[in-house]
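In what follows, a structure is listed as structure tokens, so that the remarks can point back to it.
Lettering follows sequence order; numbering is per chain, from 1. No hydrogens, no waters, no symmetry mates; every other heavy atom, side chains included, goes into these values. Quick caveat: nothing in here was measured; it's all calculated off a predicted structure.
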Amino acid sequence: MEKEYYFKEVEHRWYELWEKSGCFRRSEHPEGKSYAIVIPPPNVTGVLHMGHLLNNTMQDVLIRRARQNGQCVFWQPGTDHAGISLQVVVEKKLIKEGIDPRALLREEFLEYACRWRDDHGDIILNQLRHLGVSCDFSKKVHTLDAAYSRTVLVGFVELFRRGLIYRGRRMVNWCPKSQTALSDEEVLMQTQKGKLYRMRYEIVENPGSHIEISTTRPETIPGDVAVAVHPEDPRYQHLIGKHARRPFPEAEIPIIGDDAVLRDFGTGALKITPAHDSVDFAVGQRHGLAAIDVLTPDGRMNELAGPELCGLTREAAREKAVQMLQERGLLLAADDYEHSVGISERSGVPIEPRLSDQWFLRYPCVERAKEAVRSGIIQFFPRRWEKTYLHWLDNIQDWCISRQLLWGHRIPVWYRRDCDRRDPANWHVSLSGPADPENWVQDNDVLDTWFSSAFWPLGTLGWPDEKAMVRNHFDFFYPTATLVTGPDIIFFWVARMIIMSLAFLEGDLEQIVPFRTVYFTGIIRDSQGRKMSKSLGNSPEPLDLIGQYGADGVRLGLLSIAPQGQDVLFDGRCLEQGRNFCTKLWNACRFRVLQGKLKEPHVLNTGRMTAEDEAILRSLIDLTEQQESAIGQYEFHGAVQRLEKFFRDDYCDWYVEVCKIRMRRDESQRAHILTLQDIILRHYLQLLHPFTPFVTQELWHTMGYDDGEKFIQNTPLQNAEQLKKIAPISSDNIATIAELRETIAIIRAHKSSLGLASQTQLDVYYQSENKESAIEKYRFFLCSLCGLGKLTAADSLQGLPATLTPWGIFAMDVPNNVDNNQELERLRREIEVLERNIASNEAKLNNKDFLANAPEKVIAGARALLEENRTKLEKSRKILGSLG
RNA sequence: GGGCAGCUAGCUCAGCGGUUAGAGCAACCGGUUUACAUCCGGUAGGUCGUAGGUUCGAAUCCUAUGCUGCCCACCA
């Protein structure tokens with residue numbers, strides 16, 4: 001066995017073997033308990049980032065543990081076509097090559113896009129392989145695959161048939177940069193500093209008098225069709241019915257009363273621009289006003305804005321409009337003002353409310369979707385996200401699902417050639433299109449990418465094609481077990497998957513929900529709590545990290561700092577610790593290998609079990625129980641901590657050290673000890689495997705534990721009950737070992753506080769009331785682990801510095817030159833603390849209310865504690881007396 | 001404007017009604033006795049954001065309040 005662990009070589013070798021052997025594949029004859037996860041499909045345009053590492057490590061832990069537990073596992077991988085993102089990437093590439101993407105035909109552009117997708121689409125999944133993910137890559141799905149596309153379009157057609165998808169001319173969020181409509185969820189509200197302009201329009205009927213109006217958007221003045229005031233506002237009531245003079249292009253517009261106007265905001269008078277504001281649009285509808293669109297799709301002013309503004313960008317037009325107001329003496333004030341502006345999530349520019357013809361979905365099954373979560377049929381971890389989810393569903397708005405893009409699922413609607421597209425009589429909606437295509441024109445738009453992702457758990461398992469569903473064992477793997485994702489896409493994706501599943505499947509909620517639990521991970525930030533971003537340069541390159549620390553080190557490190565459901569502050573040091581632990585594991589196993597092979601491996605003679613053997617076995621059983629509950633509650637952080645603590649503190653630093661002493665003293669124990677070590681290491685490797693798949697697999701092989709099963713992940717994991725059958729464990733023995741370990745720790749600390757190096761041999765005298773036999777039994781451990789020379793019982797402490805342990809007082813025969821003062825000081829402090837504690841114990845036990853109300857167990861505990869403290873105090877005083 | 005989290009040792013977090021509040025990292029002291037210096041032993045460090053309340057007992061429950069961060073919301 002190599003002295004060093006070469007993780008790079010090991011990881012590559014095993015991953016290839018795993019994939020080649022097909023051990024990640026789902027069973028084609030599934031039986032027993034199913035455990036499926038669908039991967040949140042990464043964008044084909046994406047590169048692996050820290051969030052992917054965390055998210056996929058967690059999924060892999062769940063999947064591998066399920067495999068060990070003998071469940072029938074399926075982890076479905078795939079990629080998302082990434083609508084706008086991919087289109088932008090391809091457009092940029094074309095421009096670089098001197099091709100104008102807008103001059104291309106749809107088919108030509110799509111050809112370029114497909115080629116890019118085929119060249120780059122699998123990069124991110126291949127990167128994930130380096131992390132060790134055990135997805136079934138043979139079942140990979142891409143959202144634009146023919147079968148999956150069919151799923152999406154069937155969904156559209158059916159929702160249309162049910163009257164839930166409709167086409168309408170409505171105010172939508174328009175992104176002037178990508179020139180498409182967006183859903184409300186794709187608009188981020190950001191507070192921005194701007195100006196609130198106060199200006200005045202002349203009253204036509206009373207020349208020379210004016211009405212004052214506040215606005216943040218003077219560039220939309222040419223689109224004004226009215227001025228609105230509150231109908232009961234005494235300041236303006238008399239003006240309703242009269243007209244105001246719009247300054248440019250000059251026009252007379254009516255002054256109307258509408259109670260949407262807030263009297264106490266600004267001047268209480270509102271200019272109405274129905275084409276560029278949703279409130280104004282509603283007002284316009286109520287009053288039968290026209291909408292004058294003064295903007296072009298790319299966010300510039302058009303001819304209707306008048307010659308001075310036409311052609312300017314929104315921003316430039318605002319400046320120009322302010323200047324024009326000033327020139328006309330109409331601008332009264334420009335106050336600094338902070339307000340929310342909608343920003344396009346994708347392109348980062350302010351969105352423009354715009355009137356256009358789009359397709360909308362009225363969400364089905366909203367009440368059932370709420371019920372599914374509220375009732376706990378779908379469980380959220382952490383639970384608080386339930387509220388966020390329910391709140392969104394309570395206020396749900398229809399979803400604009402059409403996008404003015406080329407890349408995506410083209411809307412399966414055809415319009416009769418040269419006829420009114422707004423008249424449903426001229427629509428054809430179907431999967432295959434009209435029988436006489438020459439008379440029809442297909443809708444140019446594609447569907448929102450999130451519309452297609454909403455079908456992910458359904459489509460990946462073959463729905464709605466019955467043959468495909470049988471082939472994919474839909475009935476067995478659906479509903480999936482768990483979804484692991486970020487809370488940032490709770491509306492975009494999680495809620496919509498639930499809704500679509502409920503809309504299309506029939507049966508009890510338990511059977512038709514897409515998953516039974518959702519674990520929301522935190523977001524990875526840098527060590528200062530900032531979001532990882534390219535511009536800040538604070539996002540490490542995941543593959544570099546894997547190369548530097550090993551996939552196992554990265555996995556362990558990340559999980560060890562990820563608090564449940566809270567953001568993760570990333571620091572490279574955690575990866576170092578992760579890697580160090582893997583090295584530690586390697587060395588401990590190597591040590592076992594150096595002890596040699598056993599003739600009869602795995603056969604334990606329980607008659608030879610000692611107290612320390614029982615204690616380590618008990619720790620292993622406890623660890624096994626803790627792992628089960630921690631992983632069940634998605635407490636990855638706690639699970640990792642306990643795994644590391646057991647191995648370092650209990651196994652390596654205590655048990656193995658003790659075994660060295662035992663074997664040195666008594667060669668006949670050797671086989672027994674090594675057998676037990678093998679049992680422990682073997683089980684421990686299995687417990688650790690989901691977290692660090694590579695090093696555990698390598699050791700599984702190196703240690704020769706693979707005689708029955710080559711791959712550790714396919715080896716059944718014993719539970720706590722099964723482990724308890726290995727050998728009987730007495731609680732007295734467990735207590736004895738706990739006391740022994742405490743005694744050793746106290747003696748070591750005492751030596752250290754006396755300024756003595758740990759290996760300095762010291763003679764020690766002890767006084768013990770009833771633990772002499774224990775001390776004698778374990779004297780070799782005490783001497784060896786504490787660096788003691790002679791250890792003898794004595795009647796007096798002879799004025800030597802002494803310390804109190806569970807087993808009595810131990811006095812160190814220190815050289816004369818050792819300074820006693822520090823030791824005296826320490827003792828006095830200790831006595832002080834004891835006295836304080838005893839006083840508080842007594843006060844408690846003298847409190848009648850405490851005795852009356854506290855449970856018996858607590859009172860008994862308090863009494864025992866008081867007794868213990870009194871004994872300690874007495875002995876400490878004795879030590880002090882003998883020293884002084 | 002509404003809602004949700006977080007505030008515990010220098011840093012990152014556990015603990016969420018019952019002894020004297022824990023861990024890892026960092027700091028400091030000491031150590032190579034045949035797995036491991038990517039290691040081992042040890043020390044120090046906290047009025048649990050603040051103020052009230054409930055309780056025999058509060059970091060933990062309640063009520064206010066202060067920061068910090070996130071989400072939702074059509075006041076131009």
Can you give the donor-acceptor pairs under 3.5 Å from side chains of residues 193-200 of chain A to other protein atoms, not counting sequence neighbours?
| from | atom 1 | to | atom 2 | distance (Å) |
| --- | --- | --- | --- | --- |
| Lys195(A) | NZ | Asp336(A) | OD1 | 2.7 |
| Arg198(A) | NH1 | Glu212(A) | OE1 | 3.0 |
| Arg200(A) | NE | Gly329(A) | O | 3.4 |
| Arg200(A) | NH2 | Gly329(A) | O | 3.3 |

Nearest whole angstrom, please: distance from the P of A23(B) to the CG of Leu643(A). 19 Å

Taking 4.0 angstrom as the limit, do Glu352(A) and Arg314(A) come out as a salt bridge? yes

Distance check needed: G24(B) C1' versus Phe647(A) CZ, whole Å only. 18 Å

When the C1' atoms of G45(B) and A26(B) are compared, how many Å lie between them, rounded to an integer? 12 Å

With rounding to whole Å, what would you report as the distance between C7(B) and U50(B) at their C1' atoms? 11 Å

Set of residues satisfying salt bridge (Lys or Arg N to Asp or Glu O under 4.0 Å) with respect to Asp394(A), sequence neighbours excluded: Lys370(A)

I need the CG-P distance between Asn853(A) and A58(B), as an integer number of Å. 13 Å

Measure CG/Asn841(A) against C1'/G57(B) and give the value in whole Å, please. 13 Å

Partners meeting salt bridge (Lys or Arg N to Asp or Glu O under 4.0 Å) with Asp653(A) (sequence neighbours left out): none

Just distance, no hydrogens or angles: give the donor-acceptor pairs under 3.5 Å from side chains in residues 746-753 of chain A, sequence neighbours left out.
| from | atom 1 | to | atom 2 | distance (Å) |
| --- | --- | --- | --- | --- |
| Arg748(A) | NE | Leu785(A) | O | 3.0 |
| Arg748(A) | NH2 | Leu785(A) | O | 3.2 |
| His750(A) | NE2 | Glu823(A) | OE2 | 2.8 |
| Lys751(A) | NZ | Ser758(A) | O | 3.1 |
| Lys751(A) | NZ | Thr760(A) | O | 2.7 |
| Lys751(A) | NZ | Cys786(A) | O | 2.8 |
| Lys751(A) | NZ | Gly787(A) | O | 3.0 |
| Ser753(A) | OG | His750(A) | O | 3.1 |

Go along nucleotides 67-76 of chain B 5' to 3' and tag each nucleotide: B for a protein heavy atom under 4.0 Å from its base, S when only backbone or sugar atoms are that close, - otherwise. -----SBBBB

Salt bridge Arg642(A)-Asp650(A), side-chain N to carboxylate O under 4.0 Å: no

What interatomic distance, in whole Å, is found between C1' of G57(B) and the corresponding atom of C13(B)? 27 Å

I'd like to check the salt bridge (Lys or Arg N to Asp or Glu O under 4.0 Å) partners of Arg235(A); sequence neighbours left out, ordered by chain and number. Asp233(A)

Under 3.5 Å, side-chain donor or acceptor atoms of residues 550-558 of chain A against the rest of the protein: list the pairs with distances, not counting sequence neighbours.
| from | atom 1 | to | atom 2 | distance (Å) |
| --- | --- | --- | --- | --- |
| Asp552(A) | OD1 | Phe694(A) | N | 3.2 |
| Asp552(A) | OD2 | Phe694(A) | N | 3.4 |
| Asp552(A) | OD2 | Val695(A) | N | 2.7 |
| Arg555(A) | NE | Phe691(A) | O | 3.0 |
| Arg555(A) | NH1 | Asp60(A) | OD2 | 2.9 |
| Arg555(A) | NH1 | Leu131(A) | O | 2.9 |
| Arg555(A) | NH2 | Asp60(A) | OD2 | 2.9 |
| Arg555(A) | NH2 | Pro690(A) | O | 2.7 |

What is the distance, to the nearest angstrom, from the NE2 atom on His750(A) to the P atom on U43(B)? 12 Å

A14(B) and G46(B), which share atom name C1', separated by this distance in whole Å: 15 Å

Counterpart residues, salt bridge (Lys or Arg N to Asp or Glu O under 4.0 Å), relative to Arg530(A) (two or more places apart): Asp526(A)

Set of side chain to side chain donor-acceptor pair (under 3.5 Å) partners for Asp258(A), sequence neighbours left out: Arg286(A), His287(A)

Which whole-number value in Å describes the distance from Gln626(A) CD to A23(B) C1'? 14 Å

Paired and unpaired positions of RNA chain B as dot-bracket, Watson-Crick or G-U wobble under 3.5 Å, | denoting a partner strand: ((((((((.[[[[.)..(...]]]].(((((.......))))).....[[[[[..)....]]]]])))))))....

Interatomic distance at C1', C48(B) relative to A21(B), whole Å: 8 Å

Thinking salt bridges, do Lys271(A) and Asp224(A) make one under a 4.0 Å N-O criterion? yes

Send over the distance from Asp571(A) CG to G10(B) C1', rounded to a whole Å. 14 Å

Could you give the distance separating A27(B) and C62(B) at their P atoms, to the nearest angstrom? 40 Å

Starting at CG of Leu575(A) and ending at P of U12(B), how long is that distance when rounded to a whole Å? 17 Å

Thinking salt bridges, do Lys872(A) and Glu867(A) make one under a 4.0 Å N-O criterion? no

Suppose you measure atom P in U60(B) against the same atom in U54(B); what distance do you get, rounded to whole Å? 15 Å

Partners of Asp649(A) by side chain to side chain donor-acceptor pair (under 3.5 Å), sequence neighbours excluded? Lys645(A)

Could you tell me whether the side chain of Asn869(A) has a donor or acceptor atom within less than 3.5 Å of a complementary atom in the base of U20(B)? yes

A44(B) to C4(B) separation - P atoms, rounded to the nearest Å: 42 Å

So Gln566(A), base contact, sugar-phosphate only, or nothing? Heavy-atom distance under 4.0 Å. sugar-phosphate

Using a heavy-atom cut-off of 4.0 Å across all strands, would you classify Pro855(A) as base, sugar-phosphate, or nothing? base

Between protein and nucleotides 25-41 of chain B, map the contacts as a letter string: B base, S sugar-phosphate only, - none, heavy atoms under 4.0 Å, written 5' to 3'. S----S---BBB-BSSS

